[in-house]
Number of protein chains: 2
Amino acid sequence: MSGPSDPLAAHTQPARRPRGRPPRIDHERVITAALELLDDVGLDALTMRRLASALDVQVGTLYGYFVTKRALLSAMAESMLTGCAEPLAPNLEWADQVVELSRRMRRALLRFRDGARVYAGIHAAGPNTLSFSNMFIGVMCASGMRVDDATRATFTIIRFIIGHALEEQAVAHASDDDLAADLDAVRTAVDSGDYPNLSHIAPLISGTDFNIYFEFGVRMLVRGLGDLSSART
Amino acid sequence: MSGPSDPLAAHTQPARRPRGRPPRIDHERVITAALELLDDVGLDALTMRRLASALDVQVGTLYGYFVTKRALLSAMAESMLTGCAEPLAPNLEWADQVVELSRRMRRALLRFRDGARVYAGIHAAGPNTLSFSNMFIGVMCASGMRVDDATRATFTIIRFIIGHALEEQAVAHASDDDLAADLDAVRTAVDSGDYPNLSHIAPLISGTDFNIYFEFGVRMLVRGLGDLSSART
DNA sequence: ACCTGAACACCGTTCAAGT
DNA sequence: ACCTGAACACCGTTCAAGT
């Protein structure tokens, strides 16, 4: 649509004269294919070779787009948070805004298999992560918190979300044997009488109600925010 | 000290007649060496081959003690929580008991390089993890909480601790180049004016005060517990 | 300018054979 | 009973050479 003299296009794609062979893949396509492959086979089986063959390219080619596998994973992590900083519904109280943002991030991490592991392993600092954090902190500031408290509170919640999603996905993709072994270990431990307080731990191992656990945790965290904000709800 | 007819020794080591060659290594020695190696080189460089050579053994030998590398990592994770369930000082209020237990787990995860990553990657269900969880839940129950609420609250806190330690160790062992690049990305982002609420985020990237962040988070979580316990402090 | 093909220095895991 | 030595099927990364 935009001709070669379009100043905006020239700005976003500086000095891009298509001399030589046009590229068969680009940054975006690699990331998309990598996330698709991740969802199919999991992080442990996500290899550069498999990704290359999914893109119909030789392995070495990928290193023209990402200097290292880590860099690719970092880009994948950033991409996962796409859309998390969309505007919130206008009529929400601040506590509900915090809950909504938390749910968004959890959903984003759960969207792809091992998403939480990918995100946790990387120090993402791209626009998606930054604008999400910025929005989260902003919601808290609007409730009357100081910026530094809002920052700490935000990262407390984000770390809980990551920790929770990590556990959730570990259970989701554990082999049936591993799961049965774990359940058995816990059951015999409880039956031994040495751990009287673990009676309610079984659903945690079998992963039946992670949604409830997550909502409980977020609500607990929001409650802990109370004293810091002047606008109590 | 205990002779061959000692009934207790016979119970802990059933049918152990030292015929054939005595073993040069055992479960415990492998775990200790693996944790030492982990601390030296980090999780990515912790290979079965390197571990074998640290123990002066061939690689294949290790598979006589741990069926898979995962099993070894699981045993390492369990071992890391040794001592976390020691009795608490008798004069602590319940909220301080929660804080003390949280600090213990954090310290345990931080003791070895990439400890949090090892622990997070595994679904540990050994005696250390179980008795620690049991104790944590027990402390909350003593404050008047119901067991199911205490269980959910405990795992909310534990998942925060893991998420926090994960981040902390990622920063601790990041290369100077990566750290500088991250800091630069955040700084230019803040300077652009698009992220007005990220002004207090720099110490989080450079990792100057993780202790303060951790204490903030735990206190926030304890505050969130308030309504669930009948014994407010 | 972009991609191929081949190589380098590794991995986890298995297993016959030795002692 | 325990360990060795060698192999199998992979890895991430690099780089000359082709088009």
Side-chain angles (χ1 to χ4, degrees), chain A residues 4 13-31 33-34 37-38 40-77 114 117-118 121-122 175 177-178, chain B residues 4 13-31 33-34 37-38 40-77 114 117-118 121-122 175 177-178:
Chain A
Q13 290 199 346
R16 187 77 147 64
R17 305 260 175 67
R19 230 191 310 172
R21 200 188 295 183
R24 293 188 10 211
I25 58 178
D26 61 13
H27 245 70
E28 210 59 41
R29 286 169 54 84
V30 175
I31 294 171
L37 184 57
L38 174 71
D40 274 0
V41 299
L43 181 54
D44 293 334
L46 173 66
T47 69
M48 297 300 267
R49 288 175 143 89
R50 257 190 268 257
L51 176 58
S53 94
L55 285 161
D56 254 311
V57 188
Q58 297 294 104
V59 216
T61 307
L62 294 175
Y63 289 84
Y65 296 85
F66 296 93
V67 272
T68 179
K69 187 181 181 183
R70 236 190 114 71
L72 170 62
L73 288 168
S74 180
M76 291 166 66
D114 289 334
R117 248 170 93 202
V118 171
I122 245 68
S175 73
D177 283 4
D178 283 1
Chain B
Q13 289 198 348
R16 187 77 148 64
R17 305 262 175 66
R19 233 193 307 173
R21 202 189 293 182
R24 290 183 17 206
I25 59 179
D26 62 15
H27 245 69
E28 209 59 40
R29 284 169 56 85
V30 175
I31 294 172
L37 184 58
L38 174 71
D40 274 0
V41 300
L43 182 55
D44 294 333
L46 173 66
T47 68
M48 297 300 266
R49 287 174 144 87
R50 257 190 268 258
L51 177 57
S53 93
L55 286 162
D56 255 311
V57 187
Q58 297 295 103
V59 216
T61 307
L62 294 176
Y63 289 83
Y65 296 85
F66 295 94
V67 271
T68 180
K69 188 181 181 182
R70 237 189 113 72
L72 170 61
L73 288 167
S74 181
M76 290 165 67
D114 289 334
R117 250 170 91 203
V118 171
I122 245 67
S175 72
D177 283 4
D178 283 2

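Note on naming: letters A, B, ... go to the chains in the order of the sequence lines (proteins, then strands), and numbering restarts at 1 for each one.
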Inset, instruction - Apply side-chain contact (heavy atoms from CB on, under 4.5 Å) to Ala54(B) and list each qualifying residue two or more places apart in sequence or on a separate chain. - result: none

Inset, instruction - Classify the nucleic acid contact of Phe66(A) as base, sugar-phosphate or nothing, counting any heavy atom under 4.0 Å across all strands shown. - result: nothing

Legend entry - Spacing between Gln58(A) atom CD and dA6(C) atom P, to the nearest angstrom: 9 Å

Inset, instruction - Look up atom CG in Asp40(A) and atom CG in Leu46(A), then write down how far apart they are to the nearest 0.5 Å. - result: 10.5 Å

Legend entry - Sequence-distant partners of Thr68(B), side-chain contact (heavy atoms from CB on, under 4.5 Å), two or more places apart: Arg70(B), Ala71(B)

Inset, instruction - Please report, rounded to the nearest Å, how far the C1' atom of dT4(C) is from the CG atom of Leu55(A). - result: 16 Å

Inset, instruction - Flag the pair Val57(B) / Leu62(B) as yes when at least one side-chain heavy-atom distance between them is below 4.5 Å, and no otherwise. - result: no

Legend entry - Phosphate-side-chain proximity, Tyr65(B) and dC3(D), N/O vs OP1/OP2 below 4.0 Å: yes

For residues 23-30 of chain B, please give each side-chain donor-acceptor pair under 3.5 Å, one per line with the distance, not counting sequence neighbours.
residue  : atom : partner  : partner atom : Å
Arg24(B) : NH2  : Asp56(B) : O            : 2.6
Asp26(B) : OD1  : Glu28(B) : N            : 3.3
Asp26(B) : OD1  : Arg29(B) : N            : 2.8

Inset, instruction - Taking only the side-chain nitrogens and oxygens of Arg24(B), find out if one of them lies under 4.0 Å from OP1 or OP2 of dT4(D). - result: yes

Inset, instruction - Determine the Euclidean distance between corresponding P atoms of dA9(D) and dA9(C); express it in Å to zero decimal places. - result: 22 Å

Legend entry - Rounded interatomic separation in angstrom, taking CG from Asp56(B) and P from dC3(D): 12 Å

Legend entry - Contact check, side chains of Ile122(B) and Val118(B), non-hydrogen atoms, under 4.5 Å: no

Inset, instruction - Mind checking the CG-CZ spacing from Leu37(B) to Arg50(B)? Nearest 0.5 Å is all I need. - result: 7.5 Å

Inset, instruction - Name all residues meeting the side-chain contact (heavy atoms from CB on, under 4.5 Å) criterion together with Asp44(A); count only those two or more places apart in sequence or in a different chain, and write none if there are none. - result: Arg117(A)

Inset, instruction - Starting at atom CG of Leu62(B), determine the distance to atom P of dG12(C), rounded to an integer number of angstrom. - result: 10 Å

Legend entry - Between dC2(C) (P) and His27(A) (NE2): distance, integer Å: 13 Å

Legend entry - Leu43(A) CG to dC11(D) P, straight-line distance once rounded to whole Å: 13 Å

Inset, instruction - Among the candidates dC3(C), dC3(D), dG12(C), find the nucleotide nearest to the side-chain atoms of Ile25(B). - result: dC3(D)

Legend entry - Dot-bracket summary - DNA chain D, pairs being Watson-Crick or G-U whose distances fall under 3.5 Å, with | when paired to another strand: ||.|||||...|||||.||

Legend entry - Spacing of Arg50(B) atom CZ relative to dC11(C) atom C1', expressed in whole Å: 10 Å

Inset, instruction - Nearest 0.5 Å please: distance from the CZ atom of Phe66(B) over to the CG atom of Leu73(B). - result: 10.0 Å

Inset, instruction - Take the protein atom CG of Leu51(B) and the nucleotide atom P of dG12(C), then report the distance between them rounded to whole Å. - result: 10 Å

Inset, instruction - List the protein contact pattern of nucleotides 13-19 of chain C with one symbol per nucleotide (5' to 3'): B for base contact, S for sugar-phosphate-only contact, - for none; contact means a heavy-atom distance under 4.0 Å. - result: BBB--BB

